Structure formats: structure tokens, C-alpha cells
Amino acid sequence: MNTPSQPTNQLTTQPTNHPKDHLLTLYCRMVLIREFELRAINERRAGLIPGFIHSCVGQEATAVGACAALNADDAITSTHRGHGHLIAKGGDPKYMMAELAARSTGYCGGKGGSLHMADFDLGILGANGIVAGGIPMATGAALAFQMRGEDRVALAFFGDGAVNEGAFHEAANLAGLWKLPVIFFCENNLYGEGTPQSKQSPVADLAMRAEGYAFPGVIADGNDVLAVYEATQAAVNRARAGNGPTFIEGKTYRFRGHYEGDPMAYRSKEEMEAWRQRDPIPAFRRRLIADAAASEGELRAIEDEVQAALDEAVQFAAGSPAPDPESALEGVYGETHGGSVF
Amino acid sequence: MNTPSQPTNQLTTQPTNHPKDHLLTLYCRMVLIREFELRAINERRAGLIPGFIHSCVGQEATAVGACAALNADDAITSTHRGHGHLIAKGGDPKYMMAELAARSTGYCGGKGGSLHMADFDLGILGANGIVAGGIPMATGAALAFQMRGEDRVALAFFGDGAVNEGAFHEAANLAGLWKLPVIFFCENNLYGEGTPQSKQSPVADLAMRAEGYAFPGVIADGNDVLAVYEATQAAVNRARAGNGPTFIEGKTYRFRGHYEGDPMAYRSKEEMEAWRQRDPIPAFRRRLIADAAASEGELRAIEDEVQAALDEAVQFAAGSPAPDPESALEGVYGETHGGSVF
Amino acid sequence: MTREIAFSKALREAMAEEMRRDSSVFLMGEDVGVFGGVFGVSAGLYDEFGEERVRDTPISEQAIVGAGLGAALAGMRPIVEIMFGDFVTVAMDQVVNQAAKARYMSGGKAQVPLTIRITNGAPGSAAAQHSQSPEGWFMNVPGLKIAIPATPYDAKGLLKTAIRGEDPVLFFEHKMLYEVKGEVPEDDDYTVPFGQAAIRRKGTDATIVAVGGVLPKAMEAADLLAKSGISVEVVDPRTLVPLDTETLIESVKKTNRAIIIHEAHRRAGPGAEIAAILAEGAIGYLDAPIVRVATKNVPFPYNPELEDFILPGMGDIVEAVEGVVGYTL
Amino acid sequence: MTREIAFSKALREAMAEEMRRDSSVFLMGEDVGVFGGVFGVSAGLYDEFGEERVRDTPISEQAIVGAGLGAALAGMRPIVEIMFGDFVTVAMDQVVNQAAKARYMSGGKAQVPLTIRITNGAPGSAAAQHSQSPEGWFMNVPGLKIAIPATPYDAKGLLKTAIRGEDPVLFFEHKMLYEVKGEVPEDDDYTVPFGQAAIRRKGTDATIVAVGGVLPKAMEAADLLAKSGISVEVVDPRTLVPLDTETLIESVKKTNRAIIIHEAHRRAGPGAEIAAILAEGAIGYLDAPIVRVATKNVPFPYNPELEDFILPGMGDIVEAVEGVVGYTL
Ligand SMILES: Cc1ncc(C[n+]2csc(CCOP(=O)(O)OP(=O)(O)O)c2C)c(N)n1
Ligand SMILES: Cc1ncc(C[n+]2csc(CCOP(=O)(O)OP(=O)(O)O)c2C)c(N)n1
Ligand SMILES: [Mg+2]
Ligand SMILES: [Mg+2]
């Protein structure tokens, strides 16, 4: 738990409680997300990527910690700031980079781009361009799991800004009412675009809103991957046991602009610097070494692997064909009937 | 405060704390609403009224208690079950009955009917056919009052079912954030159409949701007009003092169907009977007499006046002309321009 | 072998039969369960299938449609009900941005077997927020299919096609059709394909395209006109997306005159698109203006005479047909 | 005396001047204040008018429009901003059922001086949920007015008319027009009336009706066609409701050929209504099919070549005009 006004670079969780494999996987995924974002930003500047990017640099711990508590057949819905969620849920950087580059080999064949990447085989029901738009969808997936008696859960990622949309409220009420196996994961990065969270909601701790829907709301240090993991694990257990939803608020911060190119006039250098001190990746790295959970060499090896994987991803994307322009007309419907749809 | 599972016909408020005039006005308005509804139901059966009616029989105390705490220049928004709110805010039964009868002399010239009656001069911004649809509107009126520095408040009436609509949530958040002088008045009559409140929200006390928006939520015995009045008065004072919104939940019950004609298979005779014992009008009447706040004769006189007023209202309605069919094309826009709008 | 049943019963049968056939089909909406639907369409389904598969929901249209979509993406075949077409506005993002586009945005991978049943039409003195026919808006939203049956036969057959399909379908049910009776086959398992218009009556002098709830009026008008020697062909598109443009164009090429009728407001309603299609595809064959008879461009008034005045009536239809038949270019 | 300013500056000037003139005018929306609007349209207004009159809101479109409506009913003249046309879906009930109908339902008594600024159009690779042009839907909703300026002059003049008016106006601003420059008078106080189309170019062989953001392309196409001897008249309706049907019909009666261009999806977009009006009002004058050039009926793809393929391009316009000019009935 943390109060955002008092940033600290001390993690309070205990890596030594977790198996080493697990710790290294968490580390690897966080680094992969960070480096993926930085590559994507570069490749956008270099012209490989045509669209906008909302990077999640600084928010790797929420994505990784939360998805680490999910099984492969659990589902997530994501947001406009979704690259981290996708990678954390097992998304392949190759297909992601290819999608960003609008290639036919990308996750959506170049039709979706950053805002709409999805992989149904991995339980990734989609990023989303509409703030809060994915929350009812996750709720519905959880309903399907519950109705079929499956041991599966759904997790909806969304931001602090999304909590003020009606869609969140309606979905939370339904989930609380029907005790659906869904986790509402709010990444509270203190801003919605250029507007601070304090100018969007009259309450600072959004988790407390869960009470209104009769399920628990918990706050986690969103820059501590283990804290996020543990909170999510508890929520997942609760959901699998049939006890319904949990709202998790991960307090975190985005290091870059709302989108690449954002002048960021709305926040101070000091605030940004204070949060940079709490960068979730070096903090976790220091902790792993301090607790002798991993060696410098092991972590370096992971970092090198990540770079190699991203070299490959960029090459794959750059080397992939663009889709045929006329393919724009395909994929609107699953079946054809008589008559005209054009 | 009451728990709906334990109906009681004992009112816990003290009439003797209130001036006699005030008590008689409250009584008069409640009776007027009750009798208006019964007349309207009869006149609908008799063919004077073409449209549907959602009567508020049984819920007179919430309407009257709440509006008694408002000034003439304060605003309300109402619902599909709005006749009581309108009368309580000063609406004239003549124009109301004429509107129900679809006459040109009605509040909306016969264009609105039960669902859309409005009188801007009385601060009645309108009944509403959309569940929760009027809540943002009341919030906006409160914003106007605040921006102009006026000592006015707005009050939104809505039902227990409306609290689960996104519109409620968004408006409540905005009002809490901007400390708008608005009162969210929830008439919790335990049902939304045929579905019990317990199957619509996982929480029984909807007032507790106010906490999520950083303003107080209070529960009042919705069948005790003085309890409602006192709770609303406190909320109005708070709003006028610049301290923002209050959510008031009046626990109450509708004695008749959701609409006239509703078979009501969804609730038991026992439940209905238990609530009938708590009818807000006889309870208040007994109390006025027991506390010697009014004499039997005084109350009879009021009852007679009400009947006379309603005789007049029905005559007025029945004797009023129907609007000219072609007037259907008028009143869509406030100004004309070039070009065609048809 | 056929039997006569009401439109609403036809819908109920379609749902019941599909629910028996396929355990992934379920129904969800406001008062669809215990109450049986405010228009009684789902009466009895709760008793047969239980509260798990006939789900009463809170009054939360965004969550209803959104949860339906999520369940569809997770392999179910939900039917969700929006009680009045006017209320689909509350769920508009979920319909337009989410359900309609999920497949396309994912590069064609998402399956979205979601049926959204919506009532439309004016039930009489229900005023401005309970009378609208919003189907035209959604024709402008690629990714949706739109069914708008006018007979019990089509109601049942099209609803089955919708439920079995892989795409989000908006299924519009006109409130004033619910009690209308018509023949349906004894055979449980017929379906009506999307995109095939039905020629309800053959004729030579003019083509009436009648969308949804106005079909009975159009047929009556055609009867009446026949008496004065005017032979009208009545075409019912049955689905607006996909639209059987070929049948529409062929009919007009034959009769050389087109009148389009619907209850949605006239301006930019479904008739605008149909007129535009004819003005492109049959221009050389038209001997008269393309005329639309539809609700006048004002909100629905409460007063029944005013309402009648704005609704497309028999008289309006007859007059319009006589107008185009008597027209000389 | 005129000067050249960008479309977005014209809008900003209209808002600033009206806010100076009338203390009941204020602006409210997501990031319209400190940020100056995500497209910079309201840059500087926060500094001049303060946070009370240039209000950053939560991400709550229903509350934004609904509060605007309530404030309007209580005597203010709010301007609310919906950042992307795609997001107006979230506020659809407040627009369609509340703002549009408040006056009518109250028997003409409600005054609803509410301006809803909405961006439309594809800004390039923004994909399916950030590129739509929903203006056509609202033409089917009586009670709303719809402005869709294509030049800085009109942007400023129409926005002032909207702000000063008594009716709810949906004011569509195409994202790709923001940087386009054009002449506006020095005089602060001109307005552009609703319901008067502008003939942007006189011609004799065909009429192009160009709605909103496509006007620059239409003018270019007309230039190009002029070189090959085809004289095109370009008409800009400027407002869709009210619509200057007379000018449209007169132009087509003169040129005998009509091409309608817009960026909304083709099926049931604004062009459908315009085509229908022409097919009714100018039928005897048409020497060729009425043709619509618009975005193809698929959601917007992310890939820029795919996006180009579905958008109405210069080539498509030229081809369409050549097609109708070369057509023989
Ligand atoms: C319905 C809707 N409204 C507005 C937007 C524009 N928008 C995109 S992201 C964003 C801010 C979201 O804030 P938050 O939920 O905190 O997520 P963050 O960007 O901080 O990750 C806004 C307003 C949108 N995409 N959808
Ligand atoms: C958006 C919307 N959804 C559904 C309806 C249909 N409807 C009308 S009243 C009602 C029940 C409302 O319940 P509640 O808010 O508790 O008010 P009550 O009728 O009990 O006074 C419903 C579902 C509607 N009018 N608007
Ligand atoms: Mg945020
Ligand atoms: Mg209720």
C-alpha cells in the first residue's frame, strides 16, 4: 500500500516468499514490456509505425503482477494503454510489433493497431479505444464462465479516468449482484490525459467505490510487482471460489506522455522525478539482488534475451508484407447471406 | 430510519416541532396527490386519459416531504412516476389533468403526457421517460445556480432501479467533484417494474453509494413525511452553504402496479398488506390528531377542499379543447432558419 | 402443414426452440424472466429454462449489451432484450463501437453471435421517449446486421437465423405487430435467410417498399388501390442489412414507380437509403419521383390525434401511390 | 477587410468572442481547459476565462451533455465538447431523448441553447473507434440542428449562430480541417445563418454536394475535371438540419447530374437523405444515376493504405463525375 504523495523506492513485499522461476518471469516480462514500448516509440519515429501510441512505460508492474495471477484460459480486457497487458498475458511481441506496423502478420492483420489488438486464443479479448468500453465485456466473459461452470476468471484493466464512466458502474453492479468471477483492475496513474485524478473524482482512493457494489476494494502499490501479484492472486482465488468480484487499485504513474508527442505541460518536473525514483523495474531488480533471489548475471541474461526478442520482433514486423488494400473489405461479418452489405 | 422488513405504522418524528400551517400544508399536499392519482386512474378507465399512468399511490410522503424543503425557485427533475413530485413542487392539478387528457390547456399542450410534464416557472424541469435520464439534468441546473452565485438548489427524484444506470453514477461523481448544490433523492420502493430491488443491486441501502462520491448518504423513512422533510432540509442547507450534494434514500413502497394494468404477480399479498399498514397518509393523520396538532374537523375540511379542487381539475380537463392535429408540427425548434427541417 | 400464431408467440417459439437445441443460447434483459417481458414475448421461458438462462437484469443497458457481447466472445450465444428502441441510446457505445466492430478490429477473428432484440414503433400515446424506431441509424454502422420482420413467419425464421449466426444482429420488433397473427410451418426447424426480400403482393403500376411494422397498412392500401384499378407490388425487405437491393431494383424497373414506407422518422430513416439505392440503380426506369411516406420529422406527441397526424397512415399511402401513378414527367 | 486564419482558430475566436459578449456562455469537456483541447481548439481560453467558464470534466460523456442540458434549461448557454464523434455514443440518450426533445415534450416551452461540439472524420490510422462521422444518425432525430462547416468562415459564423440560438445544435468539426486556412472578415460580429447552402463553384455539367470535411477534395476534383472540360458545380450544405433543399434541387435541375460526397459511411449516411430529396424533387431532370462517394461500409482499418482504400478519394470523385457525365439513360 502506498500513498502517492510519499513516493518511496522501498518495496515492502518479500521476494523470498516466491519461487525463483516466478520472480525471474516477472522480471523478464516487465523488462520486455518496457523495452517493447521504447522500441515501438523509436520505430514510430523512424516511420515503421503509422498510428498513435499510448505507452505504459512506468506501469509495467501492474500489468505483469496482475496477469501473473491468471491462467492461460482466463480472460482479460484492456485499454488504449494496452501493450503491457497483452505482453503480460502472453502476447507475442512479434505479432504486436507487426500490428503496430500495420502488417498482415500482425495480431489483427493490420486492421486494429495499438488500440484494438486482441488474441482470443490467449484470452485477450481486446485493447479498447473507448474509455471503460471493455469493462462490461470482461463482465460478460465472466458470466459465460460462471454459466458453464468453468474454473475461469476475467480481469478488466482500466484507468483512474475510466472509473467515472457509466459503463464501469453498470458492470460493477451487475458483477457484484451476480457474484461473477471478474476482477476490476484499476491502474491509477493519477491522470486521465492532461487532467489529474483529483480533478476527475472527489475521492482519491477509487478502490473504496467497490463497497457500493458489495465486493472488496483493495489498494496495492502498483509499482511493486509482487504486491500487485499478491493482491490479484487473492482476488482470483476469491473469484474461483465463487465469491465474486474484487476491485484492485494499483497506484502507479506513467513516465511518458498520455500519447507520444504529448507536451505534458500539465505536470511538474518534480512530480515526475519523484516517481522516476520509484521506477518498478530497477526497484525490483535491486530487491532481487539484495535478497539474493537472482544474480546480476542471471538478470543480464534476461535483459539480453529481451533485446534479442525485440530485434526479432522489429525485423519480423519490418519484413512482413502490408495487407492488400482490398482486404479492407474483408472481415466485417462472419457469414455471408444474400443481399448486399456494401 | 426503517428496515423495510419490519414495517411499522408508528412515525418517530415529532409533529409538534413544526408550525401548524406547515403540518397542514404537508397533509393537504399528500391527500391531493393521493386523490389526484385515484381520479386519474378512474378517468383513464372512463376514457378521458389515453396514455399509460405510473401512479405514485403510497409514495406521497417522499414527494411532499422533499419538495417542502425547497423554495419556489429551486428546481426538480422527476421520473415516469412523477405526478406526486409535480404537485408537491406546486404543479396545478388542473393543468396536470388536462395534460393527461391530452388537451391543449395541459402543461405541455397535450404533447407530453404523464411522462413529460414540465413547468419551468415552477422549477419543474420535467418528468422523464428514461430511467435516470433526468439526473444529469438536475446536476446541470445546479451547476448553473452555482456558476451564477445564486442561492438555489436542484433536486433529482429517481427510483431504486435508476441507481444502477450509468447516468446516475456520472452525475453523482460530477456533483461530488464540483460540490454542486444538488440533492439526489432516491425513492426506494423496493421494485423496478417487476424486479425486486434485491435482484437489481447487491446492496440494500443505496444511500451508502454516496460515499463513493464523497458526499453524505442518508436513509429516511419514506413513509414519514416529516422524516423526509427533515432529511431534505438538512441536505438543502448543506447545499446552500456550498458544501455540495447529499443522497437521500426514502424507503417506501408503491401500493399499485408499476403501471395501471400491471398484474403484479411478482409480489405477495402479505407484503402488500404489511406496507398498506404503513400508509403514509393515515399514519400522519392519526399522528396530527394524537398530538393535537390538528382537529378532525380541520383535516376533513382539507379533504373536502382537495375533492373540490379535483372536481374542478377533471372538469377543466374534460372541458378543454383538444389541440389542432396540425399543431403536432409546432414546437420542435425555438427559432426558424432558412432551409427545411421537415 | 401450417398453423396460425401471433407474432409474439413466433418469437417466443424461436427462442425456446433454440434454447432447447443449444445450451449456449440464453436470454437476458429487464423483466424478461419472472415478468415474462413487458410485452409478454418471453412469457413462460423462465419457467422452462430457469433463472440462469432467462436472466432478469438491473436497469443497466450498457451492462446488458456489453455483458452479452463479452459472453458471446467467450462462446455463448446470448439474446439480449432492449425493452424500447428509445433505450438503445443508453447502450449505444456497446452496440456501435464494441459489438459492431469487434470482429473487424481483430482482423476477422472475433466471433460475435449476439442477438439484440429491440422493440420499435409507436404503441399509441406513449410520447417522445417510448415510440421511436431507431433502426435507420444502425444501417450507417458497418458490422451490424439488422432484421425487421413484419410477419410471424419471418419473426420466427429470422430470429433463428440471428441466434445461429456469427454476427451481431439488431432485431427490431414492432410493438403493434405482437398480436398480429399469421401462418408458420409446423416444422420446428425452418429459418429465414437474411438478405432476401419478400414480394408480398405482385403488381405492375407501382412498387411499395414497406419496412417492418407498416406492412399491414401497406397491404391494406394495396387492396384499396386495386379497387380503383391501381396494381401495386409490395416488397418487404425483411432485413435492412444485408439488404436485397436486387429485388428492390428489379421491382421498380418493372413498375417504374417507387413509394417507400416506414415508421421511423422520414428524414434520414431507412427509406432514405432505399431511395438512394433506387435513384442510383433504377434511375432510367423511374416515371415519377421516389416518394417516402413515414413519420413526420417531429418527436412523437402524446395526444393520439397529433400522433396519428404524424404517423404514416393508410390515407397517406394511398395518396402517395395515386400521386406517383398520376404523375407525368 | 479579411484575414486568413485556420479553421481551429476560427472556432476559438467564435467561442472567445461569445464568452466575452455573454456571461452565460461557457465551455465544458474533457481536457478543454488546461490542455486547451486535444486538438488545441480551446487553447488559451482557460487563461482568459478561468476554470469556472472553461471547465475540465471527468471522462463522463453522459454527465457532460446532461449537465450542459440542465444548465441550458436553467438559463446558461453551454458549449460542450465531445472529443471524438465516436464517443457521442456514450451520451446518446442525453442527446437524442433529452436535449433533442425537451422543447417539444414541454409543449414548446423549454429553451435549449446548448451547443455540442463534436469532432468527426478520420485523422489517419486512428482505426475503428476514433475515425467515425456519425452526423447522419442525428438527421433522423427531430429537435436537433446539425451544423457541419467546411471553411474557417463558416466555422466561426455557424458556431456563433449555434451559441446564440435557442436550440440544441450538434456542431461537427472535421479533424483534418483544423489546420486548413481561409478568409474571415475582420468584423467580429458576423454570423452565418443555418439552412443556407453555399455554392462553392458554379458549373453546368454536374452538381457535387460535398458535406463537411470532403469539401477541399471536391474542389480539387472540380479543378481537375475542369481541365478535361467538365464543368462541375460544387454545393456545400453547411447545415444538415435545417437543410437547404431548394438550393440543392435547383442546382441539380440545372446540371441534371448529382454526385454526393461525404466521409460518413456510405450506407444511410447524410448522402442517403440528400439523394432521396433529389430523387423526389428533381426526378424529371436527372440524366444519370445519383451517385454517392463516401466511406465504404466497413469499420475504419488502422493500416493507412486500407484506410485510404475505404475513404472517398480524389480519384473516386473524379471517376464518379466522369461516370455520370458520360452516362446515357
Ligand atoms: C468514451 C471516451 N471518452 C474519452 C476518450 C479519450 N481518452 C482516451 S484515453 C483518456 C484518458 C483515460 O484516462 P485513464 O482511464 O486514467 O487511463 P490512462 O490514460 O491514464 O491510462 C481519454 C479521456 C475515449 N477514448 N473514450
Ligand atoms: C433507460 C430505461 N430503461 C428501462 C426503462 C423501462 N422502465 C420504466 S420504469 C422502470 C422501472 C424503474 O424502477 P425504479 O427506478 O425503481 O422506479 P419505480 O418505477 O419503482 O418508481 C423501467 C425498467 C426506461 N424507461 N428507461
Ligand atoms: Mg489514468
Ligand atoms: Mg422502484
Side-chain angles (χ1 to χ4, degrees), chain B residues 49-52 80 99-104 106 108-117 128-133 159-168 192-197 199-202 258-259 262-266 322-333 340-342, chain C residues 29-38 40 43 46 51 55-66 83-84 86-94 122-132 265-267 294-311 313:
Chain B
I49 295 175
F52 269 84
H80 57 288
E99 184 58 33
L100 293 183
R103 303 303 161 114
S104 62
C108 316
K111 284 185 179 143
S114 175
L115 289 176
H116 306 297
M117 285 197 254
N128 213 302
I130 302 295
V131 168
D160 47 295
V163 175
N164 302 317
E165 287 279 15
F168 159 72
E193 295 199 346
T195 304
Q197 196 256 312
K199 295 215 153 185
Q200 301 212 27
S201 310
H258 171 65
Y259 54 91
D262 175 358
M264 287 198 280
Y266 50 84
D324 173 18
E326 304 214 356
S327 73
L329 303 184
E330 294 159 14
V332 185
Y333 296 99
S340 163
V341 292
F342 292 112
Chain C
E30 294 159 14
D31 285 298
V32 297
V34 176
F35 203 95
V38 293
Y46 182 87
E51 65 176 5
R55 306 182 79 96
D56 283 323
T57 65
I59 311 172
S60 307
E61 288 79 5
Q62 292 192 65
I64 294 169
V65 175
M83 197 188 284
F84 281 73
D86 316 69
F87 312 159
V88 75
T89 53
V90 180
M92 196 79 177
D93 165 56
Q94 291 295 324
S125 273
Q129 295 172 341
H130 285 73
S131 304
Q132 295 171 85
H265 284 105
R266 184 174 191 276
R267 184 178 53 232
T295 298
K296 295 187 174 64
N297 291 323
V298 303
F300 280 89
Y302 167 69
N303 177 291
E305 287 87 38
L306 271 61
E307 186 180 8
D308 259 11
F309 180 77
I310 74 159
L311 281 169

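Model, not experiment: these values are computed from the prediction. Atoms considered below: every heavy atom in the structure, side chains included; atoms not considered: hydrogens, waters and symmetry mates. Chain A is the first sequence line, chain B the second, and so forth, proteins listed ahead of strands; every chain is numbered from 1.
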Ranking G192(B), A102(B), A322(B) by heavy-atom pairs under 4.5 Å to chain C gives rank one to A102(B)
Heavy-atom pairs under 4.5 Å with chain C are the metric here; pick the option from L329(B), V131(B), V163(B) that has the most. L329(B)
How close do G113(B) and E99(B) get, counting heavy atoms only, and between which atoms? N-OE2, 2.7 Å
Any residue meeting side-chain hydrogen bond (donor to acceptor under 3.5 Å, both in side chains) with S327(B), in chain and number order, not counting sequence neighbours: none
Cut-off 4.5 Å, heavy atoms of chain B, and the answer for Y302(C) is both
In terms of heavy-atom proximity below 4.5 Å to chain B, should F84(C) be classed as side chain, backbone, both, or neither? neither
Please rank I59(C), V298(C), N303(C), N297(C) by heavy-atom pairs under 4.5 Å with chain B and give me the top one. I59(C)
Greatest number of heavy atom pairs closer than 4.5 Å to chain B - which of E307(C), E61(C), Q62(C): E61(C)
Have Q197(B) and D160(B) got a donor and an acceptor in their side chains that come within less than 3.5 Å? no
Chain C heavy atoms under 4.5 Å from [X]: which part of the residue, side chain, backbone, both or neither?
X       : result
I130(B) : both
D262(B) : side chain
E330(B) : neither

Quick check, are the ring centers of H130(C) and F87(C) under 6.0 angstrom apart? yes
Is the distance from the ring center of H258(B) to that of Y266(B) below 6.0 Å? no
So, do S131(C) and P123(C) sit near enough that their side-chain heavy atoms are less than 4.5 Å apart? yes
Counting N and O atoms only, with roles assigned by atom type, does the side chain of E165(B) sit under 3.5 Å from a partner on the main chain of A132(B), one being a donor and the other an acceptor? no
